[in-house]
Amino acid sequence: MHNVHSIVVYPIKAFDGVPLTSCAISAGGALQYDRRFAFRNEAGGFVNGKKFSRVHFVRTSFDLQSMTAVFELTDIKEKYIFRLQDEATAIEKLFSDYFSAKVQFVENRDSGYPDDTEAWGPTIVSLASLKEVNSWFPEISLPEITKRFRPNIIIDDTPAFWEDRLFGVAGTETCFTIGDVICNGSNPCQRCVVPTRNTLDGNTYDKFQKTFAENRERTLPAWTERSRFNHFYRFCVNTRINPGEAGKIISIGDKVTLAAEI
């Protein structure tokens, strides 16, 4: 039996996550609170670690009930507390100065700001997969590897890369359930430069992407749809949840079942 091992949401896109024991599905079919807020630059692009290296020095903690955030800017040893919905102007001023670029603080309550706008559900990976990847980088801890790839849901009691069963050939989706929530697996997530960097200081791990891709190809399971890999720097699975599932709850311990197994 495959079960939900952990759940993490990222209230502000590109910033730290919040572990939860359960989470509702939002009106738009995302995990409630996940990427609900984001910073945009003047060109309309998102502020993230790919373009703004100082993101790595921002530690955040959240009270989701009061929608309050603590921002700790570790490189300048400053700390700030804001109400996310009431103090957007002050937040914009702080981070425009910090990033040396004018930014806008935006909110989408329904579906948040996912990287994959066609597969806006939670990103999923198995604990066994994270442990396998961790073995390729012995100098990096398992918690750090997990933070680098930022999965929303980790599944336990599976072989490594079991989550590759959640996608098929291009243009198809694979139906599965988490508890009573109906989900659709879409594609293996294409990774960016961010996982190559230390989450606390942004320092790059030499040849991280090359090492990852070589080992990912070497360990690709027989059940994986190989045609979805134009390169092997792909990890975790992007999913889609229909808005009709809104209000349902995903919790730690929920059973994860492929529709084909029901």
For the residue pair Phe39 and Phe99, does the interplanar ring angle fall in the parallel (under 30°), tilted (30 to 60°) or perpendicular (over 60°) class?
perpendicular
Between [X] and [Y], does any side-chain donor sit less than 3.5 Å from a side-chain acceptor?
X: Glu173; Y: Ser186; value: no
X: Thr219; Y: Glu132; value: no
X: Asp116; Y: Asn238; value: yes
X: Thr224; Y: Asp164; value: yes
X: Asn3; Y: Asp156; value: no

Do [X] and [Y] come close enough that some side-chain heavy atom pair is under 4.5 Å?
X: Val194; Y: Arg148; answer: no
X: Tyr205; Y: Asn198; answer: no
X: Val58; Y: Glu72; answer: no
X: Tyr33; Y: Tyr10; answer: no
X: Tyr80; Y: Glu78; answer: yes
X: Ser26; Y: Trp120; answer: no
X: Pro188; Y: Phe235; answer: no
X: Phe105; Y: Leu94; answer: no

Salt bridge (Lys or Arg N to Asp or Glu O under 4.0 Å) pairs, two or more places apart, involving residues 22-38
Arg36-Glu107
Output for pair (Ser6 OG, Ile252 CD1), nearest 0.5 Å, gives 6.5 Å
Between [Y] and [X], does any NZ, NE, NH1 or NH2 come within less than 4.0 Å of an OD or OE carboxylate oxygen?
X: Arg218; Y: Glu214; value: no
X: Glu87; Y: Lys93; value: no
X: Arg228; Y: Glu225; value: no

Applying side-chain contact (heavy atoms from CB on, under 4.5 Å) to Glu163 and Val256, what does each step give before you reach the verdict?
CA-CA 10 Å; Glu163 67 277 2; Val256 181; over 6 Å; no
Go through it in stages, so that I can follow the logic: the residues are Thr117 and Tyr113, the test is side-chain contact (heavy atoms from CB on, under 4.5 Å), and I'd like the CA-CA distance, side-chain angles, deciding distance and then a yes or no.
CA-CA 8 Å; Thr117 56; Tyr113 298 97; over 6 Å; no
Under 6.0 Å from the CD atom of Glu139, do we count more than 12 heavy atoms belonging to anything else shown?
yes
Could you check whether atom NZ of Lys255 has more than 12 heavy atoms from other residues, nucleotides or ligands sitting under 6.0 Å from it?
no
So Val9 and Gln32, side-chain contact (heavy atoms from CB on, under 4.5 Å) or not? Walk me through it.
CA-CA 8 Å; Val9 296; Gln32 188 178 25; over 6 Å; no
Check the hydrophobic clustering (I, L, V, M, F, W, Y; side-chain heavy atoms under 4.5 Å; chains of links allowed) and say if [X] and [Y] are grouped together.
X: Ile182; Y: Val4; result: no
X: Leu130; Y: Val8; result: no
X: Val18; Y: Ile153; result: yes
X: Leu73; Y: Leu84; result: yes
X: Phe176; Y: Ile25; result: yes

Kindly say whether the aromatic ring centers of Phe71 and Phe95 come within a distance under 6.0 Å.
yes
Do the side chain of Arg165 and the main chain of Leu258 share a donor and acceptor less than 3.5 angstrom apart?
no
Tell me whether Thr239 contacts the main-chain N or O of Pro122 through its side chain, where contact means a donor paired with an acceptor under 3.5 Å.
yes
I'd like to know whether Thr211 forms a side-chain contact (heavy atoms from CB on, under 4.5 Å) with Asn215, so could you lay out the CA-CA distance, the side-chain angles of the two residues, the decisive distance to 0.1 Å, and finally the verdict.
CA-CA 6 Å; Thr211 299; Asn215 281 283; 3.6 Å; yes
Within 45° cone and under 6.0 Å: Arg40 NZ/CZ vs Phe46 ring:
yes
What's the verdict on ring-ring contact (aromatic ring centres under 6.0 Å, His included) for Phe15 and Phe62, showing C-alpha distance, side-chain angles and the deciding distance?
CA-CA 11 Å; Phe15 286 40; Phe62 300 90; 8.2 Å; no
